[in-house]
Amino acid sequence: MPWVDKELCIGCGICVDECPVDAVSLVDEKAEIDQFVCVRCGKCHPICPEDAVIHDSKRIPLDVEENVERAKQGIAYYSDEENQQKSVQRWINWFTCQTKIAEQTIAQLEAMKKA
Ligand code: SF4
Ligand code: SF4
């Protein structure tokens with residue numbers, strides 16, 4: 001999934017015009033990609049004059065940090081240890097489920113690859 005490094009984006013709008021599914025919009029003169037609309041065609045990577053469209057693998061540490069922060073927010077709704085631990089487990093369950101979805105999706109996509 002591509003994402004935009006806002007430090008590099010100059011708001012030229014080329015990616016907005018070129019995206020075939022209107023997944024990109026300018027917000028405060030910086031491009032933003034709607035991750036739920038993006039179909040990962042990859043067109044926005046080579047056309048950006050500032051190399052501001054970054055591959056998602058570079059976001060992994062940031063995404064992990066955001067996930068942990070969100071989990072902490074949910075856990076903080078409880079003041080007692082028992083419910084805090086239940087909340088931690090719910091987050092673990094959520095990401096375990098996401099891992100299974102990703103694994104099974106990858107398996108089906110791998111099966112689509114030509115030998
Ligand atoms: S093409 Fe690059 S610089 Fe231009 S708006 Fe898109 S991300 Fe920003
Ligand atoms: S990868 Fe394709 S669909 Fe996704 S934002 Fe870029 S141009 Fe749009």
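Both counts, for ligands and for their atoms, begin at 1 and track the order of listing.
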Note: V37, heavy atoms under 4.0 Å from ligand 2, region reported as neither

Transitively linked via ILVMFWY side-chain contacts under 4.5 Å: I75 with Y77? no

Taken to the nearest 0.5 Å, the spacing of L109 CG from K113 NZ works out to 9.5 Å

For I33, the ligand 2 atoms with a heavy-atom partner under 4.0 Å come out as 5 (S)

| message | Using a 3.5 Å distance criterion without hydrogens, assess whether the side chain of D34 forms a donor-acceptor pair with backbone atoms of F36. | response | yes

**Item:** Carboxylate-amine/guanidinium contact K72 E69, below 4.0 Å
**Value:** yes

Correct closest heavy-atom pair for I10 and E50 would be CD1-OE2, 3.5 Å

Q. Between the side chain of S87 and the main-chain N/O of N83, is any donor-acceptor distance below 3.5 Å?
A. no

### Task
Before accepting this row, confirm whether a basic side-chain N of the pair E66/R70 lies closer than 4.0 Å to the acidic partner's carboxylate O.
no

Q) Same hydrophobic cluster for V24 and L26, using side-chain heavy-atom links shorter than 4.5 Å among ILVMFWY? A) yes

For H55 and W3 the tightest heavy-atom approach is O-NE1, 3.1 Å

Excluding waters, which are neither shown nor counted, protein N/O/S atoms under 2.8 Å from atom 2 (Fe) of ligand 2 come to 1

With no hydrogens and no angle check, do the side chains of N93 and Q89 hold a donor and an acceptor under 3.5 Å apart? yes

If we number the atoms of ligand 2 from 1 as shown, the ones under 4.0 Å from a heavy atom of V24 are 5 (S)

Within the 2.8 Å cut-off the protein N, O or S neighbours of atom 8 (Fe) of ligand 1 are C9 SG

Q.
Could you see if V16 belongs to whatever hydrophobic cluster contains I33? Use Ile, Leu, Val, Met, Phe, Trp, Tyr and a side-chain cutoff under 4.5 Å.
A. yes

